Amino acid sequence: MAAGRKATTQISRLAHRATGTAAANRMVPEETPVAFSFAGTTHAVMMASPADFEDFALGFSLTEGIIGEPEEIEAIEVEDHGAGIDIQIRLKDQANTRFEARRRRLAGPVGCGLCGIESIEEAMRSVDAVGASKLTLDADDIARSVRLLSKLQPLHSETGAVHAAGFYIPGKGVVMAREDVGRHNALDKLAGALAKAGMDGASGAVVVTSRVSVEMVQKTAAIGSAFIIAVSAPTALAIRTAEAAGMTLVALVRGDDFDVFTHPDRVAPGVAQHVA
């Protein structure tokens with residue numbers, strides 16, 4: 001965490017209950033603008049929890065396809081500017097050349113139709129194929145992964161207002177977790193933490209406390225996992241993208257109940273039916 005940055009703040013509010021109304025205190029999460037700058041130029045700004053900045057920078061760079069491996073980053077420097085955080089990321093020569101070419105391709109004058117097409121293509125970039133994965137989970141694994149992740153959410157326990165992303169390995173449990181006010185941010189921070197630890201993404205499942213959008217599927221595939229498990233529902237595009245990538249998408253996990261939307265063969269036989 002940057003110096004002087006707190007993840008939560010205590011505020012006073014008026015609490016209305018059936019028994020009456022009274023002033024009370026509550027902890028709420030902080031969020032701050034976090035800019036990712038490559039070669040001194042800002043590439044993206046996210047509203048995020050002020051924590052795990054290096055994990056965030058590394059994970060974002062990986063899941064957005066800016067780098068292919070952590071070694072392509074020369075240095076990460078976190079600068080606190082008061083109004084927000086600027087993360088300066090220096091890429092090594094080949095990675096920087098690729099990034100500059102990508103930036104030139106996407107940049108253009110306002111109103112440029114082709115630029116819009118290229119931006120759409122960038123958003124709908126191809127997803128890493130994970131269909132070769134041999135990982136299988138049973139119903140107990142799926143229920144356990146969500147239950148264990150809920151115990152690794154100190155910020156959520158304190159505020160009730162942040163998302164979490166965890167990595168579940170059968171027989172080991174949730175071995176790593178990250179929290180953030182943004183669901184994509186939590187997943188990026190997890191991706192960075194896994195990469196720093198040298199963990200193989202194919203060895204486990206990504207578990208999230210949010211709905212599953214197409215970006216969550218893209219980022220899970222970039223991690224290398226063939227499983228995404230979520231407590232909320234997926235979008236139609238997320239389902240189609242997971243199907244095409246060979247990824248098993250499990251969602252709406254409620255206790256022992258859950259729905260399998262794609263590639264049910266990785267879920268132990270007799271445990272769940274494919275959802276149409």
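Model, not experiment: these values are computed from the prediction.
To the nearest 0.5 Å, the span separating OG1 on Thr235 from CE on Met216 amounts to 11.0 Å. Here the CD atom belonging to Glu69 is positioned 11.0 Å from the CG atom belonging to Leu58, to the nearest 0.5 angstrom. With rounding to the nearest 0.5 Å, the separation of CG in Asp259 from CG in Leu249 is 10.5 Å.
Residues Asp180 and His163 have side chains not in contact (no heavy-atom distance under 4.5 Å, counting atoms from C-beta outward). Here the side chains of Gln218 and Thr63 are not in contact, with every heavy-atom distance at 4.5 Å or above. You'll find the side chain of Ile223 reaches within 4.5 Å of the side chain of Leu194, heavy atoms only. A heavy-atom distance below 4.5 Å is found between the side chains of Glu72 and Arg98. Within the 4.5 Å cutoff, the side chain of Asn25 has no heavy atoms near those of the Ile11 side chain. Taking 4.5 Å as the limit, every side-chain heavy atom of Ile229 sits out of range of all side-chain heavy atoms of Tyr168. Gln10 has its side chain out of reach of Arg26: every pair of non-hydrogen atoms, C-beta onward, lies at least 4.5 Å apart. Taking the side chain as every heavy atom from C-beta outward, Gln153 and Thr209 approach each other to under 4.5 Å.
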Self-check item: Asp86 and Gln88: CA distance, side-chain angles, deciding distance, side-chain hydrogen bond (donor to acceptor under 3.5 Å, both in side chains) verdict
Solution: CA-CA 6 Å; Asp86 185 18; Gln88 294 283 340; 2.8 Å; yes
Self-check item: Derivation and outcome, salt bridge (charged side-chain N to carboxylate O under 4.0 Å, His left out), residues Asp141 and Arg144
Solution: CA-CA 5 Å; Asp141 283 315; Arg144 186 182 302 116; 3.2 Å; yes
Practice problem: Please test Glu77 against Arg90 for salt bridge (charged side-chain N to carboxylate O under 4.0 Å, His left out), starting from the C-alpha separation and ending with a verdict. | Solution: CA-CA 9 Å; Glu77 297 177 359; Arg90 292 204 304 274; 3.0 Å; yes
Exercise. Decide salt bridge (charged side-chain N to carboxylate O under 4.0 Å, His left out) for Glu64 and Lys219; before the verdict, give the C-alpha distance in whole Å, the side-chain angles of both, and the deciding distance to 0.1 Å.
Key: CA-CA 7 Å; Glu64 291 298 314; Lys219 291 177 184 293; 2.7 Å; yes
Self-check item: CA sep, side-chain torsions, deciding dist, call: Arg5, Thr32, side-chain hydrogen bond (donor to acceptor under 3.5 Å, both in side chains)
Solution: CA-CA 10 Å; Arg5 293 278 175 170; Thr32 190; 3.1 Å; yes
Practice problem: Any chance you could lay out the side-chain contact (heavy atoms from CB on, under 4.5 Å) test for Ser61 and Ile73, step after step, and finish with the verdict? | Solution: CA-CA 9 Å; Ser61 300; Ile73 291 181; 4.1 Å; yes
Self-check item: Step-by-step side-chain contact (heavy atoms from CB on, under 4.5 Å) determination, Val34 to Val45
Solution: CA-CA 5 Å; Val34 176; Val45 179; over 6 Å; no
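Side-chain atoms of Thr262 and Arg240 form no donor-acceptor pair, as typed in the model, at a separation below 3.5 Å. Side chain to side chain, Thr42 and Ser37 meet the donor-acceptor criterion of an N or O pair below 3.5 Å. Looking only at atom types and distance, the side chain of Glu79 has a donor-acceptor partner in the side chain of His81 under 3.5 Å away.
Screening Val267, Leu137, Ile228 for a side chain to side chain contact (heavy atoms under 4.5 Å, CB included) involving Thr248 leaves a single residue, Val267.
Linking Ile, Leu, Val, Met, Phe, Trp and Tyr whenever their side-chain heavy atoms come within less than 4.5 Å puts Val250 and Val174 in one cluster. Note on Ile169 and Leu187: same hydrophobic cluster, where clusters join Ile, Leu, Val, Met, Phe, Trp and Tyr whose side-chain heavy atoms are under 4.5 Å apart, directly or indirectly. Note on Leu190 and Val127: separate hydrophobic clusters, where clusters join Ile, Leu, Val, Met, Phe, Trp and Tyr whose side-chain heavy atoms are under 4.5 Å apart, directly or indirectly.
Cluster note: Leu155 groups with Val162, Val181 through ILVMFWY side-chain heavy atoms spaced under 4.5 Å, whether in direct contact or through intervening members.
Separation of the His43 and Phe99 ring centroids falls under the 6.0 Å cut-off. Between Phe36 and Phe56, the gap from one ring centroid to the other is short of 6.0 Å.
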